[in-house]
Colleague: 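Below you will find the structure I want to go over with you.
In what follows, chains carry the letters A, B, and so on, assigned in the order in which the sequence lines appear, proteins first and then strands, with residues in each chain numbered from 1. Worth knowing before you read on, the calculation uses all heavy atoms, side chains too, and leaves out hydrogens, waters and symmetry mates. Just so you know, these numbers come straight off a predicted model, no measurement behind them.
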Number of protein chains: 2
Amino acid sequence: MGAGGNATSSESLRGRVKASPYERLRDAILSGEFEPGAPLVETALADILQVSRTPVREALSKLEYDGLVSRERRGLVVRQRTADEILDIYQTRIVLESAVVRHAAERRTANDLLLLRGLLARWDSVDLSDRSAMREANQAFHEALWRAGHNVCLSDLLSRLALQVHRFPPTTLGEPGRWAEAGAEHAQIVDAVERRDGDEAARITSQHFEESMAIRLRLMATP
Amino acid sequence: MGAGGNATSSESLRGRVKASPYERLRDAILSGEFEPGAPLVETALADILQVSRTPVREALSKLEYDGLVSRERRGLVVRQRTADEILDIYQTRIVLESAVVRHAAERRTANDLLLLRGLLARWDSVDLSDRSAMREANQAFHEALWRAGHNVCLSDLLSRLALQVHRFPPTTLGEPGRWAEAGAEHAQIVDAVERRDGDEAARITSQHFEESMAIRLRLMATP
DNA sequence: TCGTGTTCTCTTGTATACAACGCAAGGAGG
DNA sequence: CCTCCTTGCGTTGTATACAAGAGAACACGA
């Protein structure tokens, strides 16, 4: 189809040039360009991405491992998470995030702390009308925390888990007042990590994500 | 099997018929048929497995995600874990296993308990000279524990993590006296789960895996 | 003898062709 | 009118052909 009139999703998918099929498809799913439950036909995606089926298959296979697409009786579809699964994912994430800050409190270097303080300082200057900037700032902070834990296995697991709750709504930080509250909690976590107080850091982290989970559940209940 | 004379690894790889390339390669790596660091050339594996490169590539891609193979500058090799990485994996596993039994204590059904008791009862009748039977019994018990936690996300993560420490030695349960000790700890865990005492179950589980980690580190230090 | 440039081979990445399978629609028989 | 079978199409799974890149070996010159 020359002019490419109808396909709503082809626009931004065509746009990104240097990214791999995996990254492009992943971003398309995470951004909601593909609705949950939408069928993913290899030949169609190959057409849109302007590559052959082979790299598309590879990308889909990775996305299946990421838990972003699932295999139906026939073909793959964008994975639809149930409320129960979201709950499971959050509970798992709470466990892992708490563990990682406990490690961070024990193992953090001066550099880790510097980086965390830097990200914390930028928190209040983020434009609250720009959701993607908010998401990015939050992501950067938590990634810095993961790195400060100095456990590659833990941070790998967390980066994969984090993918699965980036789906709609992309963040729970849009709730009124939540941004500032989250910033305060982050500061408390960094303080505890600086004091090498693992228990306290883990406690606050738990609370922080419990709150986030509660907001998401509320959002899911009232769409 | 006709000509396949030299290849030491082709024997059991050719043997299994119905298994997918992924399963066959995974088992070959886990069983140590492929040495850590050994190069995995697609065409060679395709030859051995009697399939084309396409399914082999797919299998290797999954194995890379499992962390069992890693990508060098040129091609893939069986992943060699450093002592630090093993430590990271164990620490992560301790966190997750503790969390799962805490959940199990809260959510276990009567059926879960029945299954666990059944596996526990079989523990002492396992042939201690049969390493693979030991590994299987242990695996079955822990999988039952994962299921009793009723958190799909947690059990998925754990089943993948468990893959990564199945490498040599396949189990730490071969140490003198460790089998009985582990059985006793398992029984304590199940008791705590039955009493719905999550804290105690988590505590014992932590200890259990700390011990396992200590044995493995000792084994790694003196090969 | 050592360093460097070039070629050559081996391996991966990509595209395409073919086979097998499942699903759906349509027709025939009860 | 309903049910069951058959046929056709769409999609995935597999094989193979081709292109591009990285290393190694070799030859040539200093």
Colleague: Any side-chain N or O of B/Ser52 under 4.0 Å from OP1/OP2 of D/dA15?
Modeller: yes
Colleague: In whole angstrom, what separates A/Gln50's CD from C/dA15's P?
Modeller: 10 Å
Colleague: What's the CG-P distance between B/Leu45 and D/dT14, to the nearest Å?
Modeller: 16 Å
Colleague: Let me know the distance between CZ of A/Arg71 and P of C/dG22, rounded to the nearest Å.
Modeller: 14 Å
Colleague: Cut-off 3.5 Å, side chains only: do A/Asp84 and A/Thr82 have a donor facing an acceptor?
Modeller: no
Colleague: What nucleic acid atoms does B/Leu40 come within less than 4.0 Å of, heavy atoms only: base, sugar-phosphate, or nothing?
Modeller: sugar-phosphate
Colleague: From CG of A/Asp47 over to P of D/dG10, roughly how many Å is that when rounded to an integer?
Modeller: 14 Å
Colleague: Between atom CG in B/Leu76 and atom C1' in C/dC10, what is the gap in whole Å?
Modeller: 15 Å
Colleague: Find which nucleotide of DNA chain C each of B/Thr43 and A/Arg74 is nearest to by heavy atoms, and output the residue with the more 5' nucleotide.
Modeller: B/Thr43
Colleague: Looking across every strand, which nucleic acid part, if any, lies under 4.0 Å from A/Arg73 by heavy atom: base, sugar-phosphate, or nothing?
Modeller: sugar-phosphate
Colleague: What is the separation between atom CD on A/Glu42 and atom C1' on C/dT16, rounded to the nearest whole Å?
Modeller: 14 Å
Colleague: Tell me whether the rings of B/Trp179 and B/Trp123 are parallel (<30°), tilted (30 to 60°) or perpendicular (>60°).
Modeller: parallel
Colleague: A/Glu72 CD to D/dT12 C1': how many Å, rounded?
Modeller: 15 Å
Colleague: So, B/Glu85 and B/Arg79, do they make that salt bridge, N to O below 4.0 Å?
Modeller: yes
Colleague: I want to check a possible cation-pi pair here: A/Arg122 against A/Phe141, using under 6.0 Å from ring centre and within 45° of the ring axis as the test.
Modeller: no
Colleague: Check the distance between C/dA15's C1' and B/Arg57's CZ and give it to me in whole angstrom.
Modeller: 12 Å
